[in-house]
Amino acid sequence: MPIGDRLREERDRLGLSQPNFAALAGTTKQTLFSWETGKTAPDGFQLAAFAAAGVDVLYVITGERGGSHLAHDAAEQVLLESYRRCKPEARQNLIQTAALLSAGLPPATAPGSSMVMSNLGDGNVQVGSGAQVSVKRSK
């Protein structure tokens, strides 16, 4: 898959329009279109700006998802990968939920939502009324 296609995938993953995505790199919609169609490619400064905004630049360049070296264990890797797949609004919810759980407080639920999540300790989280997810920690 060409770089332009992967760049478009990252834009879609982040839920951004072409003008908003182009603005992250300090460029125009026309330039982004040129990148996405494979006529030209972003330079290092533009890729660095994308990386700072949450774009998986390693994936854009190589086709391989990056970041596994940043996680301390398997559980943290799952959290990072989940975060990276989220749209911006969902990322904020994930951050708030993680902060509440780490403080030992119950997570807030979205208005109209019946989802319940409980921190059972020792890497266990219960989601809903009965589903329990265990995350093994590496030592």
Side-chain angles (χ1 to χ4, degrees):
M1 175 185 305
I3 287 175
D5 290 343
R6 292 190 297 267
L7 193 61
R8 186 178 320 110
E9 272 187 21
E10 284 295 283
R11 177 174 60 79
D12 290 342
R13 181 182 65 82
L14 294 173
L16 295 172
S17 65
Q18 283 183 325
N20 291 339
F21 193 69
L24 294 175
T27 193
T28 65
K29 176 184 171 182
Q30 291 78 15
T31 298
L32 176 63
F33 181 78
S34 179
W35 296 342
E36 288 185 351
T37 58
K39 293 180 180 151
T40 61
D43 66 23
F45 293 107
Q46 293 157 331
L47 290 170
F50 280 139
V55 172
D56 185 346
V57 173
L58 182 63
Y59 173 69
V60 171
I61 296 170
T62 67
E64 298 291 324
R65 289 282 176 194
S68 62
H69 62 283
L70 299 176
H72 294 288
D73 59 31
E76 189 174 44
Q77 183 61 37
V78 168
L79 184 60
L80 284 171
E81 289 171 2
S82 297
Y83 177 83
R84 289 177 179 146
R85 285 191 302 268
C86 289
K87 291 187 177 183
E89 317 82 59
R91 284 183 176 190
Q92 186 60 37
N93 290 335
L94 185 59
I95 290 167
Q96 290 170 346
T97 300
L100 289 169
L101 287 171
S102 68
L105 300 171
T109 57
S113 171
S114 60
M115 186 185 96
V116 177
M117 183 168 46
S118 303
N119 182 354
L120 303 176
D122 198 31
N124 294 308
V125 176
Q126 183 172 333
V127 180
S129 59
Q132 182 174 326
V133 178
S134 283
V135 180
K136 294 188 178 194
R137 296 178 182 168
S138 62
K139 295 182 182 184

Sole residue of R91, K87, Q92 in side-chain contact (heavy atoms from CB on, under 4.5 Å) with E89: K87
R11 side chain vs F21 backbone, donor-acceptor pair below 3.5 Å: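 Checking the backbone N and O of F21 against the side chain of R11, no donor-acceptor pair under 3.5 Å is found.
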Pairwise distance [atom1]([X]) to [atom2]([Y]) - rounded to 0.5 angstrom:
X	Y	atom1	atom2	result
L58	R65	CG	CZ	9.5 Å
L32	L7	CG	CG	6.0 Å
Q30	Q18	CD	CD	9.0 Å

Return the minimal non-hydrogen interatomic distance between [X] and [Y], and the atom names on each side.
X	Y	value
T37	R8	N-NH2, 4.5 Å
L16	L24	CD1-CD1, 3.6 Å
K29	A22	N-CB, 3.9 Å
A25	A49	CA-CB, 4.0 Å

Path from Y59 to I61 over hydrophobic side-chain contacts below 4.5 Å: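 No, because Y59 and I61 fall into different hydrophobic clusters, even though each may have its own neighbours under 4.5 Å.
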Short side-chain donor-acceptor distance under 3.5 Å, T28 and T31: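 The criterion, which ignores hydrogens and geometry beyond distance, is satisfied for T28 and T31.
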Derivation of the salt bridge (Lys or Arg N to Asp or Glu O under 4.0 Å) call for R85 and E10: CA-CA 10 Å; R85 285 191 302 268; E10 284 295 283; over 6 Å; no
Beyond-backbone contact of L14 with N20, side-chain heavy atoms, under 4.5 angstrom: no
Plane angle bin for F50 and W35 - parallel if under 30°, tilted between 30 and 60°, otherwise perpendicular: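 If you compare the ring of W35 with that of F50, the planes turn out perpendicular.
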Chi angles and distances behind the side chain to side chain contact (heavy atoms under 4.5 Å, CB included) call for L79, L94: CA-CA 9 Å; L79 184 60; L94 185 59; 4.2 Å; yes
